[in-house]
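Numbered from 1 within each chain, the chains take letters A, B, ... in sequence-line order. Values reported hereafter were calculated over all heavy atoms of this structure, with side chains retained and with hydrogens, waters and symmetry mates removed.
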2 protein chains.
Amino acid sequence: MEKLLSLIRESGAKITNPRRLVLEKLTETDKPLTLNEIYEECEIIDFASVYRSVKLFNELGFVEEINFADKKVRYELASKLHHHHVICSECGEIKELPICLLSEIEKITNYKITKHSFEFMGLCPKCKN
Amino acid sequence: MEKLLSLIRESGAKITNPRRLVLEKLTETDKPLTLNEIYEECEIIDFASVYRSVKLFNELGFVEEINFADKKVRYELASKLHHHHVICSECGEIKELPICLLSEIEKITNYKITKHSFEFMGLCPKCKN
DNA sequence: TTTCTAATTGCAAACTATTTGCATTTAGAA
DNA sequence: TTCTAAATGCAAATAGTTTGCAATTAGAAA
């Protein structure tokens with residue numbers, strides 16, 4: 001958290017209350033959040049501020065934008081190792097995946113990959129019965 | 001095309017001009033199209049009709065909805081073998097991928113996967129220089 | 001072939017999610 | 001403490017998707 005605040009400061013941007021709050025929410029949880037989830041948890045601040053804070057954090061490189069298989073966009077701290085998710089369509093539980101295949105895809109296609117989604121949705125072990 | 005028209009008829013739905021046109025566009029091309037691309041190619045028909053036709057085809061199971069890494073949703077005939085795509089962010093060229101890993105993900109997670117996106121965006125060999 | 005009706009269409013409007021302009025407020029440098 | 005560029009809150013614009021409804025039409029039945 002402190003390290004991330006420094007990153008913001010170093011970029012020339014100001015440490016403001018909205019930014020601190022949004023960052024807090026992202027730091028407190030280990031699961032990716034939608035803008036709306038962050039907004040609802042913050043209560044005080046405006047949605048546009050959540051939007052702009054997250055956008056800034058993403059540009060600064062420490063928050064990642066993920067396109068989930070349920071078509072929702074969620075955000076999480078980029079500090080973890082690169083990974084992907086499965087989300088349960090019933091209870092919303094999110095599990096991380098240990099694989100990715102990015103470099104294999106680059107080899108196969110000879111593209112320079114800049115963005116990818118490798119996201120799954122289904123029924124978790126509990127909900128599938 | 002004829003086979004697909006039969007599928008529509010058998011489902012109890014009518015063969016109409018909009019449906020025929022939308023199906024035509026999807027049949028004519030080998031690359032996934034956005035609703036808007038279909039709409040613009042059809043000219044005569046309304047966007048809502050494109051929307052509802054594609055939705056019907058998807059429910060009947062012969063058109064697939066794909067969430068691309070550029071956040072756009074595209075549709076293509078499901079007749080081909082299951083596959084995924086890389087799209088060039090520069091020129092829009094789309095290449096198909098020969099891998100997927102669906103069953104591996106099910107094994108790893110013990111989820112019953114119902115939907116997934118395995119889509120990439122980057123620079124194609126031509127555009128990357 | 002004509003008639004008839006439920007299904008489908010076109011249009012316009014409603015949603016939902018995302019993004020932006022601008023007057024007011026504020027972080028933090030001087 | 002003062003001052004100003006940056007950031008916020010609000011409200012409205014934009015874009016993508018979805019829906020209600022009156023008018024039209026496919027195709028079953030006469």
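Neither OP1 nor OP2 of dT17(D) sits under 4.0 Å from any side-chain N or O of Y51(B).
With axes fitted over five pairs at each extremity, the angle between the ends of the helix from dT1(C)-dA30(D) to dA30(C)-dT1(D) is 20° (10° resolution).
Under the rule for a ring-ring contact (aromatic ring centres under 6.0 Å, His included), the partners of F118(B) that lie at least two apart in sequence or sit in another chain are F118(A), H84(B), F120(B). Residues meeting the ring-ring contact (aromatic ring centres under 6.0 Å, His included) test with F47(A), sequence neighbours left out: Y39(A). The salt bridge (Lys or Arg N to Asp or Glu O under 4.0 Å) search around K71(A) returns E65(B), not counting sequence neighbours. Every ring-ring contact (aromatic ring centres under 6.0 Å, His included) that F57(B) has, sequence neighbours left out, goes to F62(B). With sequence neighbours excluded, the residues that form a salt bridge (Lys or Arg N to Asp or Glu O under 4.0 Å) with E106(A) are K112(A). For N17(A), the side chain to side chain contact (heavy atoms under 4.5 Å, CB included) partners are L21(A), not counting sequence neighbours.
A nucleotide of DNA chain C counts as in contact with chain B when one of its atoms lies under 4.0 Å from a heavy atom; the first and last such, 5' to 3', are dA6(C) to dC11(C).
In summary, the side chains of K128(B) and N110(A) do present a donor paired with an acceptor at a separation below 3.5 Å, with no hydrogens or angles considered.
Proximity of L77(A) to D30(A): side-chain heavy atoms (C-beta onward) are nowhere separated by under 4.5 Å. Between Y75(A) and P32(A), every side-chain heavy-atom pair lies at or beyond the 4.5 Å cut-off.
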Tabulated below should be each protein N or O lying under 3.5 Å from an N or O of nucleotides 14-16 of chain D; please produce it.
none

Please list, pair by pair, any protein nitrogen or oxygen found under 3.5 Å from a nitrogen or oxygen in nucleotides 20-27 of chain D.
{"unit_1": "dA26(D)", "atom_1": "O3'", "unit_2": "I15(B)", "atom_2": "O", "d": "3.4"}
{"unit_1": "dA26(D)", "atom_1": "N3", "unit_2": "K14(B)", "atom_2": "NZ", "d": "3.0"}
{"unit_1": "dG27(D)", "atom_1": "OP1", "unit_2": "I15(B)", "atom_2": "N", "d": "2.7"}

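Position along DNA chain C of the nearest nucleotide to K55(A) versus I45(B) favours I45(B) as the more 5'-ward residue.
Legend: salt bridge (charged side-chain N to carboxylate O under 4.0 Å, His left out) pairs involving residues 76-91 of chain B, not counting sequence neighbours, sorted by first then second residue: K80(B)-E96(B). For the salt bridge (charged side-chain N to carboxylate O under 4.0 Å, His left out) condition, no pair includes a residue of residues 43-52 of chain A, sequence neighbours left out.
Note: CD (E65(B)) to C1' (dT17(D)) measures 11 Å, nearest angstrom. D46(B) places its CG atom 15 Å from the P atom of dT19(D), with the value rounded to the nearest Å.
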With salt bridge (Lys or Arg N to Asp or Glu O under 4.0 Å) as the criterion, how do K126(A) and E93(A) come out once you've worked through the C-alpha distance, each side chain's angles and the decisive distance to 0.1 Å?
CA-CA 10 Å; K126(A) 271 179 252 153; E93(A) 177 179 287; 3.7 Å; yes
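The pair E37(A)-K25(A) fails the salt-bridge criterion, with no side-chain N (NZ, NE, NH1 or NH2) lying under 4.0 Å from an Asp/Glu carboxylate O.
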